[in-house]
Amino acid sequence: MISRLANPTQFMKASGAVLPLLAVAMPLVLLVGLYLALFVAPPDYQQGESVRIMYVHVPAAWLALLVYLLVAVASGVALVWRHPLAEIAAQSAAPLGAAFTLVCLLTGSLWGRPMWGTWWAWDARMTSVLVLFFLYLGYIALANAFDDPGRGGRAASVLALVGIVNLPIIKFSVDWWNTLHQAESVIRMSGPTIDMSMLVPLMVMAFGYLLLFATLLLVRIRTALNERRARALQLSATPTPSPAGASPVLQ
Amino acid sequence: MSNFSQWASMGGYALFVWSAYGVAVVILGGIALQSWRRYRASLRALDKLQGSSRRRS
C-alpha cells in the first residue's frame with residue numbers, strides 16, 4: 001500500500017480523498033481538547049491552574065520528536081532508494097516539526113517561569129530540545145542552500161540521519177541527568193502516573209495536534225507536487241531554440 | 001461575569017497560561033495559514049498553465 005501511495009499520481013488521488021475528512025475532524029478534536037483542557041481538567045494540587053500549560057506544551061514536544069523521526073526515516077528512504085516522494089515528504093514535514101519544537105520551547109519557558117522561577121536553564125532536557133530545533137533549521141537551510149536541489153536534498157538527508165542520535169538523548173535526558181525538568185509521567189514502562197482527569201484531555205489534545213500535523217503534511221506535499229508539475233509544464237511550454245521548421249511540442 | 005473573570009485569572013497565572021495558549025495558536029495557526037495560502041497559489045499557477053480547462057480543488 002505504501003509503495004502504491006509512493007506514486008505521485010496515486011498520492012494525489014488518495015490524499016485528495018482523505019484531506020476533506022481531516023479538515024473537518026482536526027478542528028473538532030482541537031476544540032474538544034481545548035474545552036477539556038481549559039474547563040474540565042482540574043487544577044494541580046501543587047501547580048494550581050498553571051498546569052493547564054501542559055495541554056499545549058506536552059503534545060508539542062511529542063510531535064516535535066515524532067515529526068523528526070518521520071523526517072529522518074523519509075530521508076533514509078530518499079538516500080537509499082532515491083524515491084522523489086520520500087524527499088518531498090521529509091522537506092514538507094520539517095517546517096511543521098520546527099513549529100512544534102518552537103511551541104514546545106516557548107510554552108515550556110512560560111511554564112518554567114512561575115514553577116521553577118526561571119525562563120530557561122541549560123539543563124539536559126532543554127538543551128537537547130534546543131538542539132532539535134537547530135537540527136530542523138539546519139535541515140531546512142541545507143535543503144534550500146544549493147542551486148541544484150538534488151545536492152541540497154542529499155546533504156540535508158544526511159544531516160537528518162545523523163541528528164537522529166539526539167532523539168534518545170531528549171527522551172531519556174530526564175532519567176540520565178539530574179534535570180530541572182520533571183521525569184516522564186505518561187509514556188512509561190509501568191504505565192502512566194498522571195491522573196485520568198488530566199490524561200484524557202492531554203490525549204485528546206495530542207490527537208488534535210497529530211491530526212493538525214497530518215492535514216498540513218498532506219497539504220504541503222500536494223503543494224510541492226503541484227509546484228513540481230507547474231515547473232515541468234513551464235519548461236515544456238517555453239519555446240526552446242529548436243531547429244528551423246520544428247514546431248514546439250505542446251501538451 | 002465574576003465567574004468568568006475568576007476563570008480567566010487562572011488562579012493568578014493568567015499571564016503565563018494565556019501567553020502559552022496564545023503562542024501555540026499564533027505559531028500553529030500561522031504555519032497552517034502559510035501552508036494553505038501556498039497550496040492555493042500552487043493550484044492557481046497550475047490552473048493558469050493548463051489553461052484552466054480542468055478545475056481542481
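The structure presented is a predicted model; accordingly, all values stated were derived computationally and were not measured. Naming: A, B, ... by sequence-line order, numbering from 1 per chain.
Contact of A/Pro43 with chain B is not made at all, since no heavy-atom distance falls under 4.5 Å. Using a 4.5 Å cut-off between heavy atoms, A/Ala60 does not touch chain B at all. A/Leu30 does not touch chain B: none of its heavy atoms, backbone or side chain, sits under 4.5 Å away. Heavy atoms of A/Arg220 lying under 4.5 Å from chain B belong exclusively to its side chain. No part of A/Met54 comes within reach of chain B, as not one of its non-hydrogen atoms sits under 4.5 angstrom from that chain.
Relative orientation of the A/Phe100 and A/Phe213 rings is perpendicular, given thresholds of 30° and 60° on the angle between their planes. In this pair, A/Trp116 and A/His181 present their aromatic rings perpendicular. The plane angle is above 60°, beyond the 30 to 60° band.
Each of A/Leu110, A/Thr107, A/Leu96 has some count of heavy-atom pairs under 4.5 Å with chain B, and the biggest count is that of A/Leu110. Ranked by heavy-atom pairs under 4.5 Å with chain A, the first of B/Ala41, B/Ala45, B/Ser19, B/Gly30 is B/Ser19. Per-residue counts of heavy-atom pairs under 4.5 Å with chain A were compared for B/Val17, B/Val26, B/Val25; the largest is that of B/Val17. When each of B/Ala32, B/Gly11, B/Ala20 is checked for heavy-atom pairs under 4.5 Å with chain A, B/Ala20 comes out on top.
A/Thr179 and A/Arg125 are not linked by any side-chain donor-acceptor pair at a separation below 3.5 angstrom, with hydrogens and angles left out of the test.
A/Tyr209 places a side-chain N or O within 3.5 Å of a backbone atom of A/Val56 that can act as its donor or acceptor partner. In this structure, the side chain of A/Asn7 engages the main chain of A/Gln10 through a donor-acceptor pair within 3.5 Å. Side-chain atoms of A/Asp44 do not come within 3.5 Å of backbone N or O of A/Val51 as any donor-acceptor pair. Judged by distance alone, with hydrogens and angles left aside, the side-chain atoms of A/Tyr68 form a donor-acceptor pair with the main-chain N or O of A/Ala160 at under 3.5 Å.
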